[in-house]
Amino acid sequence: MRFVRESVAGLPRTFWMLFSAMLVNRVGAFGMLLLPIYLTTARGASVAVAGLVVGAYGAGGAGGTLLGGVLADRWGRKATYLAGTSVAALLMVGLGLARPIWLIATLAAAVGLAHSLPGPAVVAAIVDVLPEADRSRAFNLQFWAFNMGGAIAAALAGVIAEFSFLALFLIDAGMTAVTALLVWRLVPETLRRERTATSPVGAATTAPPGIDTGLSHRKSGIQNRRDRPASIWRRLPINRTADRSADRVGLAVVLRDRVFLTFVGLTFVLALLTVQGQSILQLAMEGDGLRPSAYGLVVSLGGAMIVVGQLFVPRLIGARRHAVVLAAAFALLAVGYSTVFLADRLWVYVAAASVWTVGQMLAAPPNASIIAELAPTALRGRYQGVFFLVFPAAGFVAPSVGGWSLQHLGPWHWLACGALGLLGAAGHLWTARRREARAASIRAVEMTPQATDEPAFA
């Protein structure tokens, strides 16, 4: 089919190897999927204790995203991926064999860290090997693989658990090890470190594009500075300490980037709304007298829509501005969650879920593309790490705040979610111009030919 060819044609082999590794890894993601049931049935834990253990996994994931971003820039994408998956495979075996709850909780936190470690590295590697024009298609396929693998894992996990919970953890560990082997054998390191000419004092310097090391103020850099738009020097996140390399630039540079952090904040709103459908929705359906199987139907419908329809998204959004697509996605989320205010029957919940699932599908490609555009090349891993932090954070905040809100506000909780979605849509439109200017500035800096005697940019 033509749309399939348009979705997959021209993408490099390295991307398809990463795509395959992600799909295999997600298909085998059994252990943590049924961890709450495992704890309450096989280990005799209370629901509250099971929640704390799952929370420990999320806390580990939050740390893993930040650490993974830093290591992806320091060690490289491939080394970070292999470290995360190799450690995760070993920890999953230990988790399946552990008996004391305190040990299971400790291992769950460690598994969360190891599972999250490769995420920033994978996205940074995709950006490394793809031109900007192809990234939206690639991230759309990545989102598809993530959900396709998750749907298969959900279908298989219940069957395997009927025979053995230990088998869940062992198969999970085996599939994780297979992905590590695939990446080790088939994926090259995509991080390219280029050293610039030696500085006048004899110290070789390396700096990320768009970050001034301070040497640009020397006489040798005057001409190079004149060749760059003045706005670049004012707007890009700058480190003015001379002779500092990208390897020694910490997260402080990322955390001072207000344009980027504004976008991360909007993505956090998106994640908060998404988690409502994964956690608080089942409480609302239970309050309406619907059985757990009804909630399972709503969740499976969303997964099926993504698997079937996600490949059509690039053609649907075309060359439209990212901000416009994201605003439309937030508007659909607002409509979907507001509809739950009126829901009291299964078909209404299904209709509402269908609307917000389309919003999630639209949001995935431009979200990933914007992060790629805002991250200077030498800091891609760090930027991805901070960006990925919103998902475990939302996984902790949304159930906590959402449960309180549903208890005290009742159905009005869902109108509040709708209002939050509309605010997110307005936020993307309001901040679009500044975000696009930043992306253009970074492109201008990174595409500027470097003078052989100018060490300020690498």
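The first residue in the sequence is number 1, and the count goes up from there.
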Note to self: If we ignore hydrogens and angles and just use 3.5 Å, is the side chain of Arg26 paired with the main-chain N or O of Met148 as donor and acceptor?
What the structure shows: no
Checklist line | Partners passing salt bridge (charged side-chain N to carboxylate O under 4.0 Å, His left out) against Glu189 (at least two apart in sequence or in another chain) | finding: none
Notebook entry, point to check: What are the two closest non-hydrogen atoms of Ile101 and Ala45, and how far apart are they?
Noted result: CD1-CB, 4.1 Å
Notebook entry, point to check: Heavy-atom distance under 4.5 Å between the side chains of Phe263 and Leu326, does that happen here?
Noted result: yes
Notebook entry, point to check: Which residues satisfy the ring-ring contact (aromatic ring centres under 6.0 Å, His included) test with Phe15, sequence neighbours excluded?
Noted result: none
Check: How would you list, by chain and number, every residue that makes a side chain to side chain donor-acceptor pair (under 3.5 Å) with Asp128, sequence neighbours excluded?
Finding: Arg77, Thr190, Arg380
Notebook entry, point to check: Can you tell me how far OH of Tyr383 sits from CG of Leu374, rounded to the nearest 0.5 angstrom?
Noted result: 7.5 Å
Notebook entry, point to check: Of the non-hydrogen atoms in Trp144 and Ile306, which two are nearest, and what is the gap between them?
Noted result: CD1-O, 3.6 Å
Margin query: Checking Phe146 now: which residues fulfil ring-ring contact (aromatic ring centres under 6.0 Å, His included) with it, not counting sequence neighbours?
Written below: none
Let me have the donor-acceptor pairs involving side chains of residues 421-434, under 3.5 Å, with sequence neighbours excluded, atom names and distances please.
from, atom 1, to, atom 2, distance (Å)
His428, ND1, Arg435, NH2, 3.4
Thr431, OG1, Gly427, O, 2.8
Thr431, OG1, Arg435, NH1, 3.0

Notebook entry, point to check: Taking only residues two or more places apart in sequence, or in another chain, which ones meet Gln142 in a side chain to side chain donor-acceptor pair (under 3.5 Å)?
Noted result: none
Next item on the list: Compare all side-chain heavy atoms of Met32 with those of Met92 and state whether any distance is below 4.5 angstrom.
Entry: yes
Item checked: Heavy-atom pair with the smallest gap, counting every atom of Pro365 and Met361 -> CD-O, 3.4 Å
Please list every donor-acceptor pair under 3.5 Å in which a side-chain atom of residues 173-187 meets a protein atom from a residue at least two apart or in another chain.
from, atom 1, to, atom 2, distance (Å)
Thr176, OG1, Asp172, O, 2.8
Thr176, OG1, Asp172, OD1, 3.3
Thr179, OG1, Thr176, O, 2.5

Check: Phe139 and Ser369: which non-hydrogen atoms are nearest, and at how many Å?
Finding: CD1-N, 3.8 Å
Note to self: Arg321: which residues meet the salt bridge (charged side-chain N to carboxylate O under 4.0 Å, His left out) condition with it, sequence neighbours left out?
What the structure shows: Glu436
Name the atoms and distances for all side-chain donor-acceptor pairs under 3.5 Å in residues 108-126, with sequence neighbours left out.
from, atom 1, to, atom 2, distance (Å)
His115, ND1, Tyr57, OH, 2.9
Ser116, OG, Gly61, O, 3.2
Ser116, OG, Gly112, O, 3.1

Checklist line | Contact list for residues 104-114, test side-chain hydrogen bond (donor to acceptor under 3.5 Å, both in side chains), sequence neighbours left out | finding: none
Checklist line | Under 3.5 Å: donor-acceptor pair, side chain of Arg382, backbone of Leu379 | finding: no
Next item on the list: Measure from the side-chain N and O atoms of Tyr38 to the backbone N and O of Phe165, and report whether any donor-acceptor pair falls under 3.5 Å.
Entry: no
Checklist line | Validation row: Leu141, Phe19 side chains within 4.5 angstrom (heavy atoms) | finding: yes
Note to self: Quick check: do Ile371 and Phe260 have side-chain heavy atoms less than 4.5 Å from each other?
What the structure shows: yes
Check: Residues in side chain to side chain contact (heavy atoms under 4.5 Å, CB included) with Leu170, at least two apart?
Finding: Val93, Leu166
Item checked: Results of side chain to side chain contact (heavy atoms under 4.5 Å, CB included) for Ala329 - residues two or more places apart only -> Leu362, Ala363
